[in-house]
There are 2 protein chains.
Amino acid sequence: MSIPSQPESPVEGFYAVIPAGGAGTRLWPVSRSGSPKFLHDLTGSGRTLLQATVDRLRPLAGPSGVVLVTGEHHVAAARTQVPELADDAVLAEPSPRDSMAAVGLAAAVLEHRHGDVVIGSFAADQVLSGQAAFEQAVREGVAAARAGYVVTIGIAASRPSTAFGYVRSGVSLGVEGAPTALHARGFTEKPDAETARGYLASGEYRWNAGMFIARTSVLLGHLAEQRPELHDGLRVIAAAWDTDDREKVVADVWPHLERIAIDHAVAEPVAALGGVAVVPGTFGWDDVGDFNSLAALLPSVDDAGSKVLGDAGDVVRIDSAGSVVVPASGRLVTVLGLDDVVVVDTPDALLVTTRARAQQVKAVVDVVRARGLDELL
Amino acid sequence: MSIPSQPESPVEGFYAVIPAGGAGTRLWPVSRSGSPKFLHDLTGSGRTLLQATVDRLRPLAGPSGVVLVTGEHHVAAARTQVPELADDAVLAEPSPRDSMAAVGLAAAVLEHRHGDVVIGSFAADQVLSGQAAFEQAVREGVAAARAGYVVTIGIAASRPSTAFGYVRSGVSLGVEGAPTALHARGFTEKPDAETARGYLASGEYRWNAGMFIARTSVLLGHLAEQRPELHDGLRVIAAAWDTDDREKVVADVWPHLERIAIDHAVAEPVAALGGVAVVPGTFGWDDVGDFNSLAALLPSVDDAGSKVLGDAGDVVRIDSAGSVVVPASGRLVTVLGLDDVVVVDTPDALLVTTRARAQQVKAVVDVVRARGLDELL
């Protein structure tokens, strides 16, 4: 099967899976366990991260080809935000079991419903720019997946980030319909700064955005080899999913599934076996992991590089270059004489820190938890 | 008349006047025009600045010898805070006319009621420590005032402050009952840093806390010479104050009174004529002009010199030495990685700045005013 000649038309037999999990702890107090990152509009676009993710996948997977996997606590909010998803397109997890269980569940359910199709997994809490380039990468990825590869999209690294994992590429894949796809030589964990600079200089490393595309039979086949118990459990659940037995089977099996990321369960071992391909993505990408990366996505509201997520009319800033303010309580936020400060104002909790410390907001959350202030988490 | 031998007994014929005005703009958003600085507990003592001022003056002036002069908008709040003041001990100003009109009104009303008594003027928004030393200074001041001087209490300067005016002292006054009193050679405006260092080194300069003690006849006599129209206006108002004509006369005369500080109207010109004495005060004093000076008055809540005005349980601080937090909204305030930061959290407005910038908070208030957000001022 070749790439469709009309970019507007969905890719036949392709399903987009959106695992929507993760607390977004470093974006506290905007992101909470009850209202995590993907339910928020973090770019000021008017669409939440989840809505934007669905928006960008619907042209590729078609109106009925987008499937959401999320915690059962978030199903109601997610349905409100993306009412266009059919009832059976939202898969509720009774408890978090990491990304392999989430994506594997979707793969098994979709294969049970539709046979051996191609799925692509795209996290609900990422920000992309460049829809055409994204679609082109996915289309190439689908082509490579049909040839039997587990495909990842490798993001062109724009800086030596220590916050992301990397995928290392090798020679051209040589698959029709995937002219830019390369063999993947392996994945790396988040590197230290010196290693990251080396990655950037080599030109062989791209950010691993956790976007995986594969035939369900290929993905589940690898899973059966690498993690047979997890595979078998997911197959049992999938067989019962669209029956009256779902509730009982899920209650019996789900809690015992192994918690493991898809990277560790499948991508890394299969890459070592030569079964992973990487399609270079030339679109803009960020995982909006903290308030500093959020700032990079927001337009400046003044010549001093100030950023506001919310109503700039709620902010007064004097001599505060590069500051990031999230006025989310309706109160007036005033900042005097602090460069690169981060002020996040919500109705019940306030965070004041610096862009340089943005990665360490988790430490604040840890203290809040230790104090027993669970209603703020 | 000599100093009473029992320090506990009030000074006969002495009235304490408390001018309670001033917006405390540099303490925004705690201090507001509708709820200014003197109505707040800024030291965590459980008493507002006004209450603490009355508390410290009642032993000197007796239960019926404390008179409050404040804007009519603040009369209700003030009466609630200091219900022990008699009805006729609260003088309401229809509009702010600066300190000469406020103190002069009290002087004229008290002289009309009681004849030529000694009054002392003590602003409602200062913080003192060392009650015995304060009482001793006032008692000496009253003795010097009875001898015909306008007396100020000069505060021992503990640092070369550029935020206060100074009074320069000369030779001993030689008045019985005022053994430490000195002739005052003159007053200065707030000096620059180099000048302030010179003042401190000389030993001749003390902070002018705006505490003035004088016989009403002396004070009003000087005012009649220096500012005859203002004097005459105050006399007309005072004559009508305790009659049915008060409202009409005040409405006619008050709006036309000159706006001038008592320092400029009387203290400075009379000092040049040799008529001012200074009693060195050895008590602790601060005018709590901004959040940095407020911080100096608060106990540290941890080894990092952190200060909290409010419930320390509402604050989480990590790697933020010397920070000052006012959690006044009930929300959790969290600070990560900012030394010497000032965070003032109120239900409708938030201020984030540094201790070094504390004097410049007025610039924030100016912007808030320019935006027309008068409800926040």
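In the text below, chain A, chain B and the rest are named by the order of the sequence lines, each starting its count at 1.
For chain B, the option among V368(A), L376(A), V343(A), D345(A) with the highest count of heavy-atom pairs below 4.5 Å is D345(A). Note on D314(B), T346(B), V344(B): by heavy-atom pairs under 4.5 Å with chain A, the leading option is T346(B). Among T354(B), T353(B), L336(B), the residue with the largest count of heavy-atom pairs under 4.5 Å with chain A is L336(B).
A side-chain donor from one of Q359(A) and D290(A) sits under 3.5 Å from a side-chain acceptor of the other. No side-chain donor-acceptor contact under 3.5 Å links R159(A) and S161(A). Between the side chains of H40(A) and S35(A), at least one donor N or O sits under 3.5 Å from an acceptor N or O. S329(B) and R331(B) form a side-chain donor-acceptor contact under 3.5 Å, judged by distance and modelled atom types alone.
If you measure heavy-atom distances from R317(A) to chain B, you find no contacts under 4.5 Å at all. Contact of V333(B) with chain A is made through backbone and side chain together, with heavy-atom distances under 4.5 Å. Contacts of V361(A) with chain B are made by both backbone and side-chain atoms, with heavy-atom separations under 4.5 Å. Only the backbone of V315(A) comes within contact range of chain B, with heavy atoms under 4.5 Å apart. The contact between V364(A) and chain B is made by backbone and side chain atoms together, counting heavy-atom distances below 4.5 Å. Using a 4.5 Å cut-off between heavy atoms, I318(A) contacts chain B through its side chain alone, with no backbone atom that close.
Between Y199(A) and W207(A), the distance separating the two ring centers is not shorter than 6.0 angstrom.
Here the side chain of E93(B) pairs no donor or acceptor atom with the backbone of E72(B) at under 3.5 angstrom.
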